[in-house]
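Notes follow the structure.
Every value quoted in this text rests on a predicted model; they were computed, and no experiment measured them. We name chains A, B, ... by the order of the sequence lines, and we start the count at 1 in each one. Every heavy atom of this structure was used, including side-chain atoms; hydrogens, water molecules and symmetry mates were not.
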Amino acid sequence: MSTPYQPEIVEKAAQEHWADVRSFEVSEDPDKEKFYCLTMFPYPSGKLHMGHVRVFTISDVIARYQRMQGKHVLQPMGWDAFGMPAENAAIQRGIPPAQWTYKNIDDMRGQLKRLGYAYDWTREVTTCRPEYYRWEQWLFTRMFKKGLVYRKNAVVNWDPVDQTVLANEQVIDGRGWRSDALVERREIPQWFMKITAYADELLSELDAMPGWPESVKTMQRNWIGRSEGVELSFDVAGEGEPLTVYTTRPDTLMGVTYMAVAAEHPLAARAARDNPRIADFIKECTTTDAAEATLETMEKKGMALGISAIHPLTGEEVPLWVANFVLMSYGTGAVMAVPGHDERDWEFARKHAIPIKQVIAPADGTTIDIDEAVFTDKGVLVNSGEFDGLSSDEAFNAIADRFEQTGRGGRTVNYRLRDWGVSRQRYWGAPIPIIYCDDCDAVPVPEDQLPVVLPENVEFTGVGSPLRDMPAFFEVACPRCGKPARRETDTFDTFVESSWYFARYACPDNSDSMLDERARYWTPVDQYTGGVEHAILHLLYSRFFQRVMRDEGLTDVSEPFTNLLTQGMVLKDGAKMSKAKGNTVDPQELIGKYGADTVRLFMMFAAPPEQALEWSDDGVQGSYRFLKRFWNAVVEHADRGPVQPLDPDRLDESQQELRRKTHLTIAKISDDIGRRSSFNTAVAAAMELLNAINKFDDDSAAGRAVKHEALESVVLMLSPIVPHICHALWHELGHRTPLIDQRWPDTDAAALAVDMIEMVVQVNGKLRARVSVPADADNDTVQQLAIADDNVKRFVDGKDIRKVIVVPGRLVNIVV
RNA sequence: GCCGGGAUGGCGGAACUGGUAGACGCGCCGGAUUCAAAAUCCGGUUUCCGAAAGGAAGUGGGGGUUCGAUUCCCCCUCCCGGCACCA
């Protein structure tokens, strides 16, 4: 009786072997082709969840596959350890955020090890450690000196009851999640990084990134939102300062019938001084959260200010409105409104009985009724005086020229992208290295005083940051003049840590500089894998930081991630697994029941990596069943003793057939994993081959040799996905050297050759027969064979053959 | 609201460049084994008509291009991700 499959024993043995010989620890070797395989590092939230298991397994399969291709593979792991959940846990359980975080990291590291991932644990990075975040503090001070960071007022969600700033996530239906108070938009001074200085480069380089999904590049392009337009100024009656607006459609300028400013705009404030209704309206506008989705979906409201702007071309007066959909943080906080040719302006004008003027007519000469429907396409100018008859594009230039000549505006390039606000009014983050001095203003902390260490043993109440109650932290001397000064108590956005960790894995132990020569060897990341929810922010900030580091002379690399794979979520009952929904499945439990390999196999088999994966308990059992069949097939074969060497020239037909299947499968799986990242079909192909092996009943010496080759191939090809069972089965097949050091199998082209192929015959596009034809038959022969088929005759006889299409090797379509 | 993605048997999915729709797995049905059950093994399984051979329909809905469309184009519905302080 053979040994049954016992995952716990098999997996322990494999993991001990990898640990003993330090299989995954790598150092720089310029003679070898490197492959840097990285997963978006996890937030240490407590325990591993299925989403983690999925993304880490995908990455591990790629890393192990590349290693078998002979690459020198680095796969590190670390912790995105700052963030709000630690503060929440601290409030709920009275544990300091640091203590909670370190405990979670220890738990999750243990779970990762049990899953057998090929990580170089000597490079582990934890972002809440001063030895990590000191370098982003250092880079911030460098950026300060270059003018790449600056301070300005910016909007936050203010909870008037708890007297705290809330994250967008903490605002539920416009109310604070704990206080239930209506949230207000409030402006406070915050630090910004000038990502817009890199907008052009971040945009144009996307064209040279074939390794990224088109969808992600499109999202980034749209997010950066480069537009070419015209900036023009309107005089305001009774005001010295003109009102400047930006438009991409200066051709519609003659159709302006009103203008709108943001609630926070000085002109709105002026009008509110002697009009309490306007003051109330402005108050109402700021009683909302700051999320763009909220502002874009709420009812469009506005109020006339009783102030007029002067149309810069006609001199006519147009009324000025304050509107809740105009944002102070976008552009100038003011827009010109052309209701005839802009959807939102049209609806607003209809609602408030503002005149709608048609100034663009369709280019094809059709007439339209502008009071019935808005017309947003480009066309030909009408009702526009001297510009009548020009096309929209001609008018764009004519009007832009006019403003440039009069000095009242001109062509500008505008970006939707805004500078990155990095200040957070929270405790559990990296301190922003700034000291405020009454005389010297904001002074960056000098390099020799870094890091600014976050005190870890704190009393955490949840109302405001504890740093504000710690004079020992914030009472400092001004680094420039030595007078008493105050340290910044805001911390960095946690996206700052995740914007450069990938580079730090190359040299996590360097205490003298942010990066060193080792980073030049390992970066850029060859394969980056993570959730599609990071398609814009994290990936764009990382691309920005990489360039800042480049311009600081730390690296020559501009793009941090050469190839990107965005994996889908893990769902159960059609919804994302989450504690709140109570539909989570604990990976630990499943590993205990079936072993890590079964969980890994199911994750890779159940869905393509980019798509959402629907959890299925039955599916996991199916994966377990497959591994048992796999185990038994190899063990039973091995139990029959050693095999003779394979002689490919002396095989009978069924032996040739199995050998052909083996090499077809090698070609298929190599392509699926290596080129397509299509792991689910790779597993399916391996299952098919194993089914063929199990049906192959031939105990002759040649038969056993063919079977041996087939089983070895399956073991090698499944090893990136289920490395533990394959490690054991490789030994079972008689090998002394461990599987982890084996190369990927090669396809033998000679084994793929066939004499006859099956072709499909269609009549008028409908499948009518299958015919067997010689592989080298020409089109005429194929056509004759197809028409000779009895069932084909039934549909062709008595009709005229109009056309015959032969797709070589595939099908014949007879059109009658 | 805006940007990106998705929809295929009872279920997860396959069909890669416009060329056999439903690979592989789950579930279910039937059989073998068993005192019995579990486990395992063998066979079947899109729907409808038919004993079968075979035929008809069929990839979210509507239209179009093509000898041929799950695949390309237009319109629509629903679902998911992101929207700058969740990570």
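- Across A:D289, A:T294, A:N157, a single residue satisfies side chain to side chain donor-acceptor pair (under 3.5 Å) together with A:N168, and that is A:N157.
- Judged by Watson-Crick or G-U wobble contacts below 3.5 Å, the nucleotide B:rU77 has B:rA7 as its partner.
- Separation of the C1' atoms belonging to B:rC73 and B:rA23 is 30 Å when rounded to the nearest angstrom.
- Pair assignment for B:rG27: B:rU45, on the basis of Watson-Crick or G-U wobble contacts that are both within less than 3.5 Å.
- Note on ring orientation: taking the six-membered ring where Trp is involved, the planes of A:Y528 and A:H538 are tilted (angle from 30° to 60°).
- Note that CD1 of A:I814 and CD of A:Q762 are 9.5 Å apart. Values are rounded to the nearest 0.5 Å.
- Closest non-hydrogen pair, A:V815 versus A:N764, comes out as CA-OD1, 3.3 Å.
- Across all strands, A:K300 comes closer than 4.0 Å to no nucleic acid atom at all (heavy-atom distances).
- OP1 or OP2 of B:rA84 sits under 4.0 Å from a side-chain N or O of A:N168.
- Contact between A:A81 and A:T101 at its shortest, heavy atoms only, is O-CG2, 3.6 Å.
- On a pure distance criterion of 3.5 Å, no polar donor-acceptor pair joins the side chain of A:E292 and the base of B:rC2.
- Base contact: A:T297 has a heavy atom under 4.0 Å from a base atom.
- For the pair A:R810 and A:R418, both in contact range of RNA chain B, the more 5′-proximal nearest nucleotide belongs to A:R810.
- Residue-level contact check: A:F626 touches neither bases nor backbone, having no heavy atom under 4.0 Å from any strand.
- B:rG50 and B:rG5: their P atoms are spaced 46 Å apart (whole Å).
- Counting any heavy atom pair closer than 4.0 Å across all strands shown, A:G421 reaches sugar-phosphate atoms only and no base atom.
- Rounded to whole Å, the separation between the C1' atoms of B:rG13 and B:rG30 comes to 26 Å.
- Side-chain polar atoms of A:S678 and A:T681 form a donor-acceptor pair below 3.5 angstrom.
- The phosphate of B:rA15 has OP1 or OP2 within less than 4.0 Å of a side-chain N or O from A:R676.
- The side-chain tip of A:R416 points at the ring of A:W223 from less than 6.0 angstrom away and within 45° of straight on.
- When heavy atoms are screened at a 4.0 angstrom cut-off, A:V683 is found touching no nucleic acid atom at all.
- Pairing for B:rC83 is with B:rG1, a Watson-Crick or G-U wobble pair whose two hydrogen-bonding atom distances lie under 3.5 Å.
- Note on A:R416: every side-chain N or O is 4.0 Å or more away from OP1 and OP2 of B:rC2.
- Heavy atoms of A:Q190 sit under 4.0 angstrom from at least one base atom.
- The P atoms of B:rC67 and B:rU47 are separated by 34 Å, rounded to the nearest whole Å.
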Tabulated below should be each protein N or O lying under 3.5 Å from an N or O of nucleotides 64-68 of chain B; please produce it.
| residue | atom | partner | partner atom | Å |
| --- | --- | --- | --- | --- |
| B:rC67 | O2 | A:N813 | ND2 | 2.4 |

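- Across all strands shown, A:A293 has heavy atoms under 4.0 Å from base atoms, whether or not it also approaches the sugar-phosphate.
- Taking only side-chain nitrogens and oxygens, A:N694 never comes nearer than 4.0 Å to OP1 or OP2 of B:rC42.
- A distance of 8.5 Å separates CD1 in A:I188 from CG in A:N153, rounded to the nearest 0.5 Å.
- Comparing A:L417 and A:G619, the nucleotide of RNA chain B nearest to each residue sits closer to the 5' end for A:G619.
- Residue A:S423 is in base contact, counting any heavy-atom pair closer than 4.0 Å across all strands shown.
- At the phosphate of B:rG6, neither OP1 nor OP2 sits under 4.0 Å from any side-chain N or O atom of A:Q611.
- Pairing for B:rA14 is absent, with no Watson-Crick or G-U wobble pair whose two atom distances lie under 3.5 Å.
- A:T376 approaches A:E343 most closely through the heavy-atom pair CG2-N, 4.0 Å.
- Classified by its glycosidic torsion, B:rG9 falls in the syn category, the angle being within 90° of 0.
- Between A:Y501 and A:F41, the ring-plane angle classifies as parallel under the 30° and 60° cut-offs.
- A:E610 comes within 4.0 angstrom of no nucleic acid atom, judged by non-hydrogen atoms across all strands.
- When both distances must be under 3.5 Å, the Watson-Crick or G-U wobble mate of B:rU40 is B:rA32.
- For A:T494 and B:rA87, the shortest distance from a side-chain N or O to OP1 or OP2 is below 4.0 Å.
- Counting non-hydrogen atoms under 4.0 angstrom, A:F605 reaches a base of the nucleic acid.
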Polar atom pairs between nucleotides 54-58 of chain B and protein, under 3.5 Å, N or O only, would you list them?
| residue | atom | partner | partner atom | Å |
| --- | --- | --- | --- | --- |
| B:rG55 | OP1 | A:R768 | NH1 | 3.1 |
| B:rG55 | OP1 | A:N791 | ND2 | 3.3 |
| B:rA56 | OP1 | A:R768 | NH2 | 3.4 |
| B:rA56 | OP2 | A:R768 | NH1 | 3.1 |
| B:rA57 | OP2 | A:K766 | NZ | 3.1 |

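- Across the strands present, B:rA69 finds no partner; the criterion is a Watson-Crick or G-U wobble pair with both atom distances under 3.5 angstrom.
- When distances run from any side-chain atom of A:D618 to the nucleotides B:rG27, B:rG12, B:rG4, the shortest one goes to B:rG27.
- Candidate nucleotides B:rU20, B:rA84, B:rC16 were compared by shortest atom distance to the side chain of A:L811, and B:rU20 ranks first.
- The same atom, P, is picked in B:rG18 and in B:rA56; the two are 27 Å apart, to the nearest Å.
- Residue A:P608 is classed as a sugar-phosphate contact, given heavy-atom separations below 4.0 Å to backbone atoms only.
- Residue-level contact check: A:A685 touches neither bases nor backbone, having no heavy atom under 4.0 Å from any strand.
- Candidate nucleotides B:rG4, B:rG13, B:rA15 were compared by shortest atom distance to the side chain of A:T681, and B:rA15 ranks first.
- Within the nucleic acid shown, A:H538 has no heavy atom closer than 4.0 Å to any nucleic acid atom.
- Nucleotide B:rG50 is matched to nothing when pairs are restricted to Watson-Crick or G-U wobble geometry with both distances under 3.5 angstrom.
- Backbone-only contact: A:M569 has heavy atoms under 4.0 Å from sugar-phosphate atoms and none from a base.
- A:M50 CE to A:F602 CZ: the interatomic distance, rounded to the nearest 0.5 Å, is 8.5 Å.
- The side chain of A:K628 places no N or O atom within less than 4.0 Å of a non-bridging phosphate oxygen (OP1 or OP2) of B:rA39.
- Nucleotides B:rU71 and B:rG19 place their C1' atoms 11 Å apart, quoted to the nearest Å.
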